[in-house]
Protein chains: 2
Amino acid sequence: MSTPPRDLEELRARADAIAGRALDELSATYAIAFEGREGATTKGKTGELLERILGASGGSQAVHDFPTLGVELKTIPVDAAMRPRESTYVCTLQLAEADRAEWSSSWARAKLSHVLWVPIVLGDGPARVGVARFWKPTPEQESVLASDFEDALGAVALGGVEALTARTGRWLHVRPKAASSRDRTWSIGRDDGDWIATVPRGFYLRTRFTAALLHDLAATPE
Amino acid sequence: MSTPPRDLEELRARADAIAGRALDELSATYAIAFEGREGATTKGKTGELLERILGASGGSQAVHDFPTLGVELKTIPVDAAMRPRESTYVCTLQLAEADRAEWSSSWARAKLSHVLWVPIVLGDGPARVGVARFWKPTPEQESVLASDFEDALGAVALGGVEALTARTGRWLHVRPKAASSRDRTWSIGRDDGDWIATVPRGFYLRTRFTAALLHDLAATPE
DNA sequence: TAGGATCCAGCTTTGGATCCTT
DNA sequence: AAGGATCCAAAGCTGGATCCTA
């Protein structure tokens, strides 16, 4: 809908311009279809609406939402106290390449290196856009994320994909990511080097991490 | 049943002697009545059994279990991983004296100053005695306990007993302690200085504290 | 009433399952 | 298959209620 923002300031200005607006009002203003069923924010629709309003590229390629700025857009549903209700999807885990992957060159790291967090405030009234904030991980934050990432891949390398559960990882963890649990992709299994069909997985940020992050960002001047 | 132990070494030796023994076997050996209903460890019975086996004074007076040693006995039910299932009772909160109480002279502090923790391991088989360990709070631990204690009494002093909930306190917190919620004792209420009838309360150590504590003790040589 | 504690309904968190679009 | 995520049953935790004995 919108053209890509030329720079960070333009992106920030666009985000500021929609802070406080209700989602259904925005979809009408920008003439973008947006129907939640029964008033619930529906799966993925909000993210796509904000992408189009802010001028993100969209599409399924493995590039940033704002390629020229290297910035990723994340809409995050929060309650009135700015606390997220859910974990946040980061990207797919390439199980077939788990033995070769490294944090430093990973798509997860690239995505998380610069994020524009756009809270979607779900309170008593209609869902509204909150105050957006840019974030880059501090060295301390990144070292935890890196260690979580490597723990996950290490688990697959050592014990096969069955050894990797959603319990692994302090802030970044791995969960199924598929339309159905019958979906399958290929991974290394437990029995030495055999390949097995297994459900696809994705990386997610735990709620306790994004909750602390949003809290910190709200307490910090821009 | 047993005479009081003469010193800490004798107490330790008695505790070591029963480590690994099943509770019903011990009750038979020592000829002390002990019936759980349906195999569950029943309220208070286990503590009383261990008191008698180890030679604690028993009774309801506000003195240590081993008065000459200044040691308190705490039986604590744990799972196979030495994780407690429940919070641990410390002592009654004297609501009527809440405005004058201080940690340094409190019965809570005296009780917690030297504890013999006796795990009761509840796993697949019958309930068994685990490896007992002595504990004295480190200065860091005690400062948290002191601050929890003072937060609790401060809440009563400022806002009345209604302001004090089980949410107050990081490690040490306050909960009802009565045979029934109709039981009553006297406390300061919210409406300035009025005394109101309210349910009696006790201090408890939260499970997350005793879990960390047992974990640390198990990892530490004697 | 104090001491020995556990019980258990309800709320919260966890983590596997699922939905839609390109 | 990748990207945008939320759904929701079951496990875990919290904290008020309760049981027994002296």
Side-chain angles (χ1 to χ4, degrees), chain A residues 36-37 40-52 56-63 65 72-77 85-94 107 111 120 165-169 173-185 199-202 204 206-208, chain B residues 33 36-37 40-52 56-63 65 72-77 83 85-94 107 111 120 165-169 173-185 199-202 204 206-208:
Chain A
R37 16 170 227 239
T41 306
T42 149
K43 296 182 178 182
K45 292 287 189 191
T46 303
E48 292 164 14
L49 176 65
L50 271 291
E51 281 184 351
R52 299 185 66 176
S57 313
S60 292
Q61 314 89 42
V63 292
D65 291 317
E72 189 68 22
L73 174 67
K74 280 290 166 200
T75 57
I76 184 165
R85 332 187 112 191
E86 292 283 353
S87 55
T88 300
Y89 170 67
V90 178
C91 63
T92 301
L93 166 54
Q94 305 294 338
W107 182 223
K111 274 206 174 179
I120 304 299
T165 76
R167 292 163 197 87
T168 300
H173 73 149
V174 170
R175 300 221 303 286
K177 175 73 167 74
S180 139
S181 58
R182 274 91 68 196
D183 285 4
R184 285 295 180 271
T185 190
V199 65
R201 322 279 166 126
Y204 294 78
R206 289 188 189 273
T207 306
R208 62 175 178 248
Chain B
R37 17 170 226 241
T41 307
T42 153
K43 297 182 177 183
K45 293 287 187 190
T46 303
E48 292 163 14
L49 175 65
L50 271 292
E51 281 183 352
R52 301 184 66 176
S57 312
S60 292
Q61 314 91 42
V63 293
D65 290 318
E72 189 67 22
L73 174 67
K74 280 291 166 200
T75 57
I76 183 165
R83 197 186 155 76
R85 336 186 111 189
E86 292 282 352
S87 55
T88 300
Y89 170 68
V90 178
C91 63
T92 301
L93 166 55
Q94 305 293 338
W107 180 223
K111 275 207 175 179
I120 304 298
T165 76
R167 293 167 197 84
T168 300
H173 74 147
V174 171
R175 298 221 305 285
K177 175 71 166 74
S180 142
S181 58
R182 275 91 67 195
D183 285 4
R184 284 295 179 270
T185 190
V199 64
R201 323 279 167 126
Y204 293 78
R206 289 188 190 274
T207 306
R208 63 175 177 248

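A note on names: the letters A, B, ... follow the listed sequences, proteins ahead of strands, and every chain is numbered from 1.
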> Is any side-chain N or O of Arg182(A) closer than 4.0 Å to OP1 or OP2 of dT18(C)?
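Arg182(A) to dT18(C) OP1/OP2: side-chain N or O found under 4.0 Å.
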> Quick check: does any side chain N or O of Lys111(A) sit under 3.5 Å from a backbone N or O of Val90(A), one acting as donor and the other as acceptor?
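Side chain of Lys111(A) to backbone of Val90(A), a donor-acceptor pair under 3.5 Å: yes, one is there.
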> Has Asp65(B) got a side-chain atom pairing as donor or acceptor with Leu73(B)'s backbone, closer than 3.5 angstrom?
yes
> Round to a whole Å and report the spacing from CD of Glu72(A) to C1' of dA2(D).
12 Å
> Would you indicate, yes or no, if dG4(C) has its OP1 or OP2 atom less than 4.0 angstrom from a side-chain nitrogen or oxygen of Thr46(B)?
no
> Would you mind telling me which of dG3(C), dG3(D), dC7(C) lies closest to the side-chain atoms of Lys111(B)?
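Taking heavy atoms from C-beta onward, the closest nucleotide is dG3(C).
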> Quick one: is dA5(D) close enough that its OP1 or OP2 comes under 4.0 Å of any side-chain N or O from Thr75(A)?
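Result: yes.
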> Can you check whether Lys177(B) has a side-chain N or O nearer than 4.0 Å to OP1 or OP2 of dG3(C)?
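Looking at the OP1 and OP2 atoms of dG3(C), neither is under 4.0 Å from any side-chain N or O of Lys177(B).
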> Can you tell me if Tyr89(B) touches the phosphate of dG3(C), counting only side-chain N or O atoms and a distance under 4.0 Å to OP1 or OP2?
yes
> Can you check whether Gln94(B) has a side-chain N or O nearer than 4.0 Å to OP1 or OP2 of dA2(C)?
yes
> Just to be sure I understand the rule, does Pro77(B) reach a base, reach only the sugar-phosphate, or reach nothing, if contact means heavy atoms closer than 4.0 Å?
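Contact class for Pro77(B): sugar-phosphate only.
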> Going from CZ on Arg206(B) to CZ on Arg175(B), what distance comes out if it is rounded to the nearest 0.5 angstrom?
8.5 Å
> Kindly give the atom pairs (protein nitrogen or oxygen, nucleotide nitrogen or oxygen) under 3.5 Å for nucleotides 9-14 of chain C.
{"unit_1": "dT14(C)", "atom_1": "OP1", "unit_2": "Arg208(A)", "atom_2": "NH1", "d": "3.2"}

> With heavy atoms under 4.0 Å as the rule, sort Arg184(A) into base, sugar-phosphate or nothing.
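Sugar-phosphate, backbone atoms only, no base.
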> Please check this pair: side chain of Thr207(A) against backbone of Ser87(A), looking for a donor-acceptor N/O pair closer than 3.5 Å.
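Checking the backbone N and O of Ser87(A) against the side chain of Thr207(A), a donor-acceptor pair under 3.5 Å is found.
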> Is the phosphate of dG3(D) approached by Lys74(A) (side-chain N or O, under 4.0 Å from OP1 or OP2)?
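Lys74(A) to dG3(D) OP1/OP2: no side-chain N or O under 4.0 Å.
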> Look at Lys45(B) and dT21(D) and indicate whether a side-chain polar atom (N or O) is within less than 4.0 Å of OP1 or OP2.
yes
> How many angstroms lie between CD in Glu86(B) and OH in Tyr204(B), if you round to the nearest 0.5 Å?
10.0 Å
> With heavy atoms under 4.0 Å as the rule, sort Gly44(A) into base, sugar-phosphate or nothing.
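Result for Gly44(A) = base.
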> At under 4.0 Å, does any side-chain N or O of Thr92(B) touch on OP1 or OP2 of dG3(C)?
yes
> Quick one: does any side-chain atom of Tyr89(B) pair with a main-chain N or O of Thr92(B) as donor and acceptor, under 3.5 Å?
yes
> With the side chain counted from C-beta on, respond yes when Thr75(B) and Leu49(B) share a heavy-atom pair under 4.5 Å apart, and no when they do not.
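Side chain of Thr75(B) against side chain of Leu49(B), heavy atoms only: no contact under 4.5 Å found.
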> Look at the side-chain N and O atoms of Trp107(B) and state whether any lies under 4.0 Å from the OP1 or OP2 oxygen of dG3(C).
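Yes.
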> Within the pair Ser87(A) and dG15(C), is there a side-chain N or O less than 4.0 Å away from OP1 or OP2?
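Answer no for this pair, as no side-chain N or O of Ser87(A) is under 4.0 Å from OP1 or OP2.
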